[in-house]
Amino acid sequence: MKSLTDTYTLYNGVKIPCLGFGTWLAASGEEAERSVRAAIESGYRHIDTATAYGNEESVGKAIRESGIARDELFVTTKLRNPQHGYESTLAAFNDSIKWLGLDYIDLYLIHWPVPGDFHDCWEEKNAETWKAFEKLYKEGYVRSIGVSNFFPHHLDKLYKTANVGPMVNQIKLGPGLTQPETVRYCRGREMLIEAYSPMGHGSIFSSEEMKKIAEKYNRSIAQICLRYSLQMGYLPLAKSVNPDRIAANAKVFDFELSDEDVKLISETKGEWSTMRDPDFITF
Ligand SMILES: NC(=O)c1ccc[n+]([C@@H]2O[C@H](COP(=O)([O-])OP(=O)(O)OC[C@H]3O[C@@H](n4cnc5c(N)ncnc54)[C@H](OP(=O)(O)O)[C@@H]3O)[C@@H](O)[C@H]2O)c1
């Protein structure tokens with residue numbers, strides 16, 4: 001990958017810009033609008049939101065007012081946990097496109113496999129939800145469909161009834177957190193791996209090991225994390241609400257980490273290398 005507009009290709013042929021802009025905790029209103037505007041001005045062409053973030057209206061407004069042609073932007077949103085099920089998914093999707101003010105979505109994801117409300121029936125709920133995803137895909141309302149936070153055993157169940165396989169799994173990946181089994185499984189099924197919280201949701205900045213690596217390359221820790229993610233073959237999603245950081249985080253295409261440093265980063269341990277167990281979430 002040589003620039004923000006370079007793309008990975010999903011197994012259905014859809015192209016997806018290789019570095020996404022994250023919006024979790026970008027507050028609805030001025031903050032989310034301003035940060036998405038800054039991201040697009042800095043050259044990002046891939047924006048990641050979710051109904052659960054509560055900011056689809058602001059994200060959509062910034063996208064629509066950006067002056068960039070719709071087909072040059074890649075927009076992802078995600079189904080909220082309480083809305084798993086066939087009819088409820090279709091209703092949730094209608095709300096999302098209304099709030100975003102868009103005619104179609106580039107990628108729609110099931111946000112979590114085992115919502116708190118459906119601990120005892122998640123498998124059936126995901127099968128129904130996926131039927132609705134397939135309908136939206138076949139009717140052209142979404143250009144690609146996928147999942148998030150799914151482990152292999154969640155995917156095994158989904159494949160039992162799916163006619164169209166997920167194109168993406170968006171999971172937490174970053175320094176010290178490589179989820180090898182899930183990554184291997186997804187690659188075996190031609191799914192693209194998106195890496196969320198590639199900077200450990202902000203916790204990585206206190207790592208002494210990462211400070212040393214950043215000094216060695218004369219880059220910021222954020223740039224090291226995002227470069228690492230790309231070299232691992234993931235598609236990183238980087239969030240910031242600070243315009244200078246947004247611009248700087250995109251400058252990761254003109255240096256390369258050595259194999260030795262990639263290994264060191266993969267092995268670093270700390271708060272950043274922890275994750276929620278998707279089988280035991282309460283929301
Ligand atoms: N599917 C899921 O379940 C899921 C879960 C989590 C995240 N995601 C997606 O992935 C995106 C990224 O993950 P994330 O938001 O958890 O965390 P992240 O991108 O790893 O880190 C964001 C944090 O790092 C700070 N930051 C960013 N650039 C920086 C820099 N150059 N220097 C210093 N601090 C910097 C940000 O603060 P400032 O904003 O103040 O700059 C923010 O606190 C999300 O926004 C969301 O779109 C998906």
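Numbers for residues simply follow the sequence, beginning at 1. Order of listing sets the numbers, starting from 1, for every ligand and every atom in it. Note that this is a predicted model, so its numbers are computed, not measured. As a basis for the values below, the full set of heavy atoms in this structure was taken, side chains included, without hydrogen atoms, waters or symmetry mates.
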Salt-bridge contact Lys131-Glu128 (side-chain N to carboxylate O under 4.0 Å): no
Does Ser220 reach ligand 1 with a nitrogen or oxygen that is under 3.5 Å from one of the ligand's nitrogen or oxygen atoms? no
Assess, by modelled atom type and distance only, whether the side chains of Ser96 and Glu56 contain a donor and an acceptor separated by less than 3.5 Å. yes
Is it true that the side chains of Asn81 and His111 contain a donor and an acceptor less than 3.5 Å apart? no
Donor-acceptor pair between Gln231 and Arg227 side chains, under 3.5 angstrom: yes
In a check of side chain to side chain contact (heavy atoms under 4.5 Å, CB included) between Glu194 and each of Ile171, Leu237, Asn169, Leu173, which one passes? Leu237
Counting from 1, what ligand 1 atoms have a heavy atom of His111 closer than 4.0 Å? 1 (N), 2 (C), 3 (O)
Is Ser197 touching ligand 1 with its side chain, its backbone, both, or neither, if touching means heavy atoms under 4.0 Å apart? both
Sequence neighbours left out, what passes ring-ring contact (aromatic ring centres under 6.0 Å, His included) with Trp130? Give chain and number order. Phe133
Number the atoms of ligand 1 from 1 as they appear, then name those within less than 4.0 Å of a heavy atom of Ala222, with their elements. 30 (C), 31 (N)
Return the closest protein heavy atom for atom 31 (N) of ligand 1 as residue, atom name and distance. Asn249 OD1, 3.0 Å
Write out the residue and atom name of the closest protein heavy atom to atom 34 (N) of ligand 1, then the distance separating them to 0.1 Å. Phe205 CE1, 3.3 Å
Can you name the atoms of ligand 1, numbered from 1 with element, that are less than 4.0 Å from a heavy atom of Gly202? 21 (O), 23 (C), 24 (O)
Atom 17 (O) of ligand 1: the protein heavy-atom neighbour that sits closest, reported with distance to 0.1 Å: His201 CA, 3.3 Å
Please could you name the atoms of ligand 1 that Asp48 approaches to less than 4.0 Å, counting only its heavy atoms? 9 (C), 46 (C), 47 (O)
Backbone or side-chain N or O of Phe21 under 3.5 Å from ligand 1 N or O: no
Atoms in ligand 1 flagged as close to Gly200, the criterion being non-hydrogen separation under 4.0 Å: 20 (O)
Flag the pair Arg70 and Asp106 as a salt bridge only when some basic side-chain nitrogen lies within less than 4.0 angstrom of an acidic carboxylate oxygen. yes
Need the ligand 1 atom indices (1-based, order shown) with element for anything under 4.0 Å from a heavy-atom of Gln170. 1 (N), 2 (C), 4 (C), 8 (N), 9 (C), 48 (C)
To which of Lys239, Lys172, Glu194 does the heavy atom nearest atom 22 (C) of ligand 1 belong? Lys239
Nearest protein heavy atom with distance in Å, relative to atom 40 (O) of ligand 1: Arg245 NH1, 3.2 Å
Exercise answer: donor-acceptor pairs, residues 21-35 side-chain atoms, under 3.5 Å, sequence neighbours excluded:
| from | atom 1 | to | atom 2 | distance (Å) |
| --- | --- | --- | --- | --- |
| Thr23 | OG1 | Asp48 | O | 2.7 |
| Ser28 | OG | Gly54 | O | 3.4 |
| Ser28 | OG | Ser58 | OG | 3.4 |
| Glu30 | OE2 | Arg34 | NE | 3.3 |
| Glu31 | OE1 | Ala27 | N | 2.7 |
| Glu33 | OE1 | Lys61 | NZ | 3.3 |
| Ser35 | OG | Glu31 | O | 3.1 |
| Ser35 | OG | Ala32 | O | 3.1 |

Checking side-chain polar atoms at under 3.5 Å, does Thr77 have a donor or acceptor matched by the opposite partner on Tyr53? no
Quick one: does Val241 get an N or O within less than 3.5 Å of an N or O on ligand 1? yes
Starting from atom 46 (C) of ligand 1, what is the nearest protein heavy atom, named by residue and atom, and what distance separates them? Tyr53 OH, 3.3 Å
Examine the side chains of Asn12 and Ser144 and answer whether a donor and an acceptor come within less than 3.5 Å of each other. no
Note: Glu260-Lys263 ion pair, threshold 4.0 Å (strictly below): no
Could you find the nearest protein heavy atom to atom 41 (O) of ligand 1 and give me its residue, atom name and distance? Ser240 OG, 2.6 Å
Quick one: does Pro198 get a heavy atom under 4.0 Å from ligand 1? yes
Which heavy atom of the protein is the closest neighbour of atom 3 (O) of ligand 1, given with residue, atom name and distance? Asn149 ND2, 2.9 Å
